[in-house]
Amino acid sequence: MNYQIQSIAQAAVAALEKLKLAIKHLDKDLYGKSIPLLFDASIGKHARHIIEMYQCLLYAIKSHKAVDYDARLRDNQIETDSVFAATQIDFICKDLLQIESNANVDVCCHGLSTGSNYARELLYQIEHSIHHMAFIKVGLSTLDISVGDPSFGVAPSTLTHQRTCAQ
């Protein structure tokens, strides 16, 4: 496996594992509860969004098609069942660690299209995941649930900056 792809894939897996730990023990009521602070989205909706974005990328890479982020399935089971969502994360992580290609891909989103490659899209997925995990952290906080991991939903550059400031 290309070292660059391997390390990016490992970073993506690490982010997804954090998400899985945060959601897998939530019961259906908490996982699917509309949270006013999140404009009535739920933890499950944010988790589904993250998961399906990865699924779109992986489908495109495996099928040698364009990545179409608008064509997400919007699977209600991922959104309402945290155990099923955690299982989907496991499938994604396995695939991420097995793909060895840094193939060029066309990417479609919001009716726009551009060229990219697998590594670039993985980087995008990591940043996108962290962004939505920050919303999940806020949502869990409103439910009086602590994630327990202070790095959950925080960009690595922010963590580095915070460590630098603390010295």
Side-chain angles (χ1 to χ4, degrees), residues 1-33 35 38 41-110 116-137 139-140 143 145 147-149 151-156:
M1 179 181 277
N2 175 314
Y3 177 74
Q4 177 189 16
I5 299 300
Q6 184 180 22
S7 61
I8 297 170
Q10 289 170 340
V13 167
L16 287 167
E17 287 293 335
K18 286 182 180 189
L19 173 62
K20 184 174 83 171
L21 285 173
I23 66 169
K24 73 179 187 177
H25 296 296
L26 295 176
D27 66 36
K28 286 188 178 206
D29 289 337
L30 290 176
Y31 186 69
K33 181 179 178 63
I35 299 171
L38 299 180
S42 64
I43 303 303
K45 284 183 180 182
H46 281 280
R48 177 194 49 78
H49 182 72
I50 293 167
I51 291 165
E52 289 182 343
M53 293 290 280
Y54 275 100
Q55 288 173 333
C56 283
L57 174 60
L58 291 169
Y59 171 77
I61 293 297
K62 289 191 233 175
S63 65
H64 306 286
K65 296 185 177 185
V67 181
D68 187 350
Y69 291 122
D70 294 335
R72 296 184 314 278
L73 296 176
R74 292 164 175 86
D75 185 337
N76 190 56
Q77 189 174 5
I78 295 172
E79 188 174 309
T80 59
D81 183 343
S82 63
V83 174
F84 182 73
T87 301
Q88 296 306 301
I89 291 170
D90 288 337
F91 291 142
I92 291 166
C93 291
K94 180 181 174 195
D95 283 349
L96 289 173
L97 294 173
Q98 290 179 346
I99 293 175
E100 296 184 18
S101 170
N102 188 20
N104 289 327
V105 293
D106 289 323
V107 179
C108 307
C109 188
H110 309 303
S116 188
N117 63 52
Y118 180 59
R120 169 62 188 96
E121 292 305 305
L122 274 182
L123 283 173
Y124 166 71
Q125 292 296 336
I126 294 166
E127 289 301 310
H128 179 259
S129 298
I130 292 168
H131 168 79
H132 280 276
M133 289 163 59
F135 286 118
I136 289 170
K137 188 176 193 176
L140 289 171
L143 299 171
I145 298 171
V147 176
D149 179 353
S151 70
F152 184 88
V154 182

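Numbering starts at 1 and runs along the sequence shown.
Looking at residues two or more places apart in sequence or on another chain, you find a side chain to side chain contact (heavy atoms under 4.5 Å, CB included) between Lys65 and Tyr59, Ser63. Under the salt bridge (Lys or Arg N to Asp or Glu O under 4.0 Å) criterion, Asp90 pairs with Lys20, sequence neighbours left out. Under the salt bridge (Lys or Arg N to Asp or Glu O under 4.0 Å) criterion, Lys62 pairs with Asp95, not counting sequence neighbours.
Heavy atoms only, all atoms of each residue included: Glu52 and Asp75 are closest at OE2-N, 2.6 Å. When every heavy atom of Leu38 is checked against every heavy atom of Gly139, the shortest pair comes out as CD1-CA, 3.8 Å. The heavy-atom pair separating Ala66 from Cys108 by the smallest distance is CB-SG, 4.3 Å. Heavy atoms only, all atoms of each residue included: Asn102 and Tyr118 are closest at OD1-N, 3.4 Å. Closest non-hydrogen pair, Leu30 versus Leu143, comes out as O-CD1, 4.0 Å. Closest heavy-atom contact between Ile136 and Ile43: O-CD1, 3.5 Å.
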Determine, stepwise, if the pair Val154 / Lys137 fulfils side-chain contact (heavy atoms from CB on, under 4.5 Å).
CA-CA 10 Å; Val154 182; Lys137 188 176 193 176; 4.2 Å; yes

Test side-chain contact (heavy atoms from CB on, under 4.5 Å) applied to Leu96 and Tyr54, step by step
CA-CA 9 Å; Leu96 289 173; Tyr54 275 100; 4.0 Å; yes

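Two residues are said to be in side-chain contact when any heavy atoms from C-beta on lie closer than 4.5 Å; Asp68 and Cys56 fail this criterion. Put simply, the side chain of Pro156 reaches to within 4.5 Å of the side chain of Ile130, judged on heavy atoms. Looking at heavy atoms from C-beta onward, Leu58 lies in side-chain contact with Ile99 at the 4.5 angstrom threshold. Between Tyr31 and Asp81, every side-chain heavy-atom pair lies at or beyond the 4.5 Å cut-off. Side chains of Val67 and Asp106 form no contact here, defined as non-hydrogen atoms less than 4.5 Å apart. Annotation: side chain of Leu57 is not in contact with side chain of Val107 (no heavy-atom distance under 4.5 Å).
If you take CG on Leu21 and CD1 on Ile89, they are separated by 9.0 Å, rounding to the nearest 0.5 Å. With values rounded to the nearest 0.5 angstrom, His132 atom NE2 is found 6.5 Å from Ile50 atom CD1. Atom OG of Ser82 is separated from atom NZ of Lys28 by 8.5 Å, given to the nearest 0.5 angstrom. Put simply, CD on Gln125 and CD on Gln55 are 10.5 Å apart, with the number rounded to the nearest 0.5 Å. Taking OG1 from Thr80 and NZ from Lys45, the interatomic distance works out to 11.0 Å, rounded to the nearest 0.5 Å. Distance check, rounded to the nearest 0.5 Å: CZ of Phe152 to CG of Leu140 gives 6.5 Å.
For Asp70 (side chain) and His110 (main-chain N/O), a donor-acceptor pair under 3.5 Å exists by modelled atom type.
Look at Asp149 and Lys18 and you find a salt bridge, because one of the NZ, NE, NH1 or NH2 atoms lies within 4.0 Å of a carboxylate O, short of that distance.
Aromatic ring orientation, His131 versus Phe135: perpendicular (interplanar angle above 60°, classes split at 30° and 60°).
Among the candidates His49, Arg74, Arg48, the single residue satisfying the side chain to side chain donor-acceptor pair (under 3.5 Å) test with Glu79 is Arg48.
A donor-acceptor contact closer than 3.5 angstrom links the side chains of Glu121 and Tyr69.
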